[in-house]
Participant: 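Sharing a structure below in structure tokens format, with a few things to ask.
All of these numbers come straight from a predicted model, not from anything done at the bench. Here is how names work: the chains are called A, B, and so on, in the same order as the sequence lines, proteins then strands, and each is numbered from 1.
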Amino acid sequence: MTQYTSSLLRLLSERGYIHQLTDAEGLDALAARQIVPGYIGFDATAPSLHIGSLVQIMMLRRLQQTGHKPVVLMGGGTTRIGDPTGRDESRKMLSDQTIEDNIASIRQVFARLLTFGDGPTDAVMVNNHDWLGKLGYIELLQEVGTHFTVNRMLTFDSVKLRLDREQPMTFLEFNYMILQGYDFRHLALHDGVRLQMGGSDQWGNIVNGIELARRKDGNDVFGLTTPLLTTADGAKMGKTAAGAVWLNEDALPAWDFWQYWRNVDDRDVGRFLRLFTDLPLDEIARLESLDGSEINAAKVVLANEVTKLVRGADAAAAAEATAAATFAGGGVGQDLPSLDVADGSIALVDALIGLGFAASRGEAKRLIAGGGARVEGQAVTDEAHVIALGGAEIRVSSGKKKHGVLRPA
RNA sequence: GGACAGGUGGCCGAGUGGUUAAAGGCAGCAGACUGUAAAUCUGCCCGCGCAAGCGUACGCUAGUUCGAAUCUAGCCCUGUCCA
């Protein structure tokens, strides 16, 4: 491992954020002597980011922790184009209003993890629609077009993969890398930004921006990418059965968020603690060395710490309490999904659907027939079973992990 | 504009007139084993229905046929090559 002099690169490297770096010595020297404003771009394709973006957000947090300035770039403009990287199919076009709404919603998460303000190391949020939207076509071609050769653009993975797989790539998407390059150049020129970070799949796009900034304005800027995060069994992070693990509370309840982290693979615990929590490294080393079932304690810490950062301390505490009550005590935690039952009784099938454990009656019945449905911890195999509440809360479970509560209304 | 190839369930991918709600794989869900882990084995995996059954579904539309994902025509979309 390279020995870095700047606290920024030391921290990033110790905690496993660095995959590629355009100029390690140059950036290290810069970070050691001045505040480095660094940015990461985020798409606004959904009302919430999911944990696939959490590494990037954490990187901005690390930047701030080590005395530098995080710049959050919202892709209000580029989202209108659609990043072809890693995609086989073109994105659906989003309306302007949807994109604006998404940006407003996504902003909430950043407010928890970064300190915004006007100070030298305070975070700021910018929207590339502000400059890309004003750019005329002729102007863009003149400004940027002369610095990109099609020959080179065709060699980029984002393009090449699409072509190799004989998937369509529209001209619109083909231009994405140019606009992203333009972003970096713009931020370097107008806001003194010196560093762009991103996932490893963004390497090509980042390098484009660096070259553009240098050729057009003689600005010397840097790029850093994080390793592509996969879980130990090779899956892309952040996808579960129920869909993505969203960062926003209104997109995914804190309980489910907490559970995601509680259930990570043993092998991922240490890595995730380093990346997604602020715990000191020696503490993490201790947690990750726990053997056998003791590693579960480390997973609880992981779940608590990440939930605290993203959802707040109250949410983390509530989720942990619910987990303790539900799994250890056999009781009912307050955080579980619940369903109000008006008539004093409900068919098990409807309860499973109402709690979100089954999407259709058929699916609920299959679950019951397969022995996966439980009422108060007891497996029920009668598809026609009706639960009588009798004024008390009843616990209904799908399998051993998904629990919900029926409340008398 | 022309020639050729192709468009099948969340994804990949068989299937070229009936036994096809559509092989197989992946992903997913559940059971067993466990530690709310991994691996492994087993079952499930379009909707409605207790069920018989019904409804939808193989790019779209119209046809041929007792019967079509499979044949015909037109259209839409994609790729490759040519202009």
Participant: Nearest whole Å is fine: how far is A37(B) P from Ile295(A) CD1?
Facilitator: 14 Å
Participant: Go ahead and name the base partner of A37(B); Watson-Crick or wobble counts if both distances stay under 3.5 Å, otherwise write none.
Facilitator: none
Participant: Taking CG from Asn263(A) and P from C29(B), how many angstroms apart are they, rounded to a whole number?
Facilitator: 11 Å
Participant: Would one find a side-chain N or O of Lys402(A) under 4.0 angstrom from OP1 or OP2 of G28(B)?
Facilitator: no
Participant: Looking only at side-chain atoms of Leu367(A), point me to the closest of G35(B), A38(B), C29(B).
Facilitator: C29(B)
Participant: Partner lookup for C60(B), please. Criteria are Watson-Crick or G-U wobble with both distances under 3.5 angstrom; report none if nothing qualifies.
Facilitator: G74(B)
Participant: Taking atom C1' of A38(B) as reference, at what distance in whole Å does atom CZ of Arg271(A) sit?
Facilitator: 15 Å
Participant: Verify, without hydrogens or angle tests, whether Gln180(A) (side chain) and Met177(A) (backbone) share a donor-acceptor contact under 3.5 angstrom.
Facilitator: no
Participant: Say whether Glu249(A) and Gln108(A), considering side chains only, have a donor N or O and an acceptor N or O under 3.5 Å apart.
Facilitator: no
Participant: Identify all pairs in which a protein N or O lies below 3.5 Å from an N or O of nucleotides 53-55 of chain B, and state each distance.
Facilitator:
none

Participant: Using atom names, set out every protein N or O paired with an N or O of nucleotides 46-51 of chain B below 3.5 Å, distance rounded to 0.1 Å.
Facilitator:
from, atom 1, to, atom 2, distance (Å)
G47(B), OP1, Ser360(A), OG, 2.9
G47(B), OP2, Arg366(A), NH2, 2.7
C48(B), OP1, Arg361(A), N, 2.9
C48(B), OP2, Gly362(A), N, 3.0
G49(B), OP1, Arg361(A), NE, 2.6
G49(B), OP2, Arg361(A), NE, 2.6
C50(B), OP2, Lys365(A), NZ, 3.3

Participant: Strictly by Watson-Crick or wobble contacts shorter than 3.5 Å, is anything paired with U19(B), and which nucleotide is it?
Facilitator: none
Participant: So that I know where these two stand, are Trp131(A) and Tyr182(A) an aromatic pair - ring centroids less than 6.0 Å apart?
Facilitator: no
Participant: Can the positive tip of Arg62(A) be found less than 6.0 Å from the middle of the six-membered ring of Tyr17(A), inside 45° of the ring normal?
Facilitator: no
Participant: Specify the separation, in whole Å, of atom CG of Asp266(A) and atom C1' of A39(B).
Facilitator: 12 Å
Participant: How long is the line joining CZ of Arg374(A) and C1' of A30(B), in whole Å?
Facilitator: 9 Å
Participant: Name the pairing partner of G28(B), where a pair is Watson-Crick or G-U wobble with both distances under 3.5 Å, or state none.
Facilitator: C44(B)
Participant: Mind calculating the distance between CZ (Phe357(A)) and P (C29(B)) to the nearest angstrom?
Facilitator: 13 Å
Participant: If A52(B) has a Watson-Crick or G-U wobble mate with both distances under 3.5 Å, name it; if not, just say none.
Facilitator: none
Participant: If you assign each of Gly372(A) and Ser293(A) to its closest nucleotide in RNA chain B, which residue comes earlier from the 5' end?
Facilitator: Gly372(A)
Participant: Sticking with atom C1', work out how far U64(B) lies from U56(B), rounded to a whole angstrom.
Facilitator: 24 Å
Participant: Looking only at the aromatic ring of each residue, does the gap between the centers of Phe42(A) and Phe110(A) stay below 6.0 angstrom?
Facilitator: yes
Participant: Given U36(B), G31(B), C29(B), identify the nucleotide with an atom nearest to the side chain of Gln259(A).
Facilitator: U36(B)
Participant: Can you tell me if Asn248(A) and Ser105(A) form a side-chain donor-acceptor pair at under 3.5 Å?
Facilitator: yes
Participant: Does G67(B) pair with anything, Watson-Crick or G-U wobble, both distances under 3.5 Å, and if so, with which nucleotide?
Facilitator: none
Participant: Starting at CD of Glu294(A) and ending at P of G35(B), how long is that distance when rounded to a whole Å?
Facilitator: 13 Å
Participant: Can you tell me which residue pairs pass the ring pair (Phe, Tyr, Trp, His ring centres under 6.0 Å) test with a partner in residues 338-357 of chain A, sequence neighbours excluded?
Facilitator: none
Participant: Grab the CG-C1' distance between Asn296(A) and A38(B) for me, whole Å please.
Facilitator: 12 Å
Participant: Whom does G79(B) pair with, Watson-Crick or G-U wobble, provided both distances fall under 3.5 Å?
Facilitator: C4(B)
Participant: Hey, is CG on Asp291(A) packed in by over 12 heavy atoms from elsewhere, all under 6.0 Å?
Facilitator: no
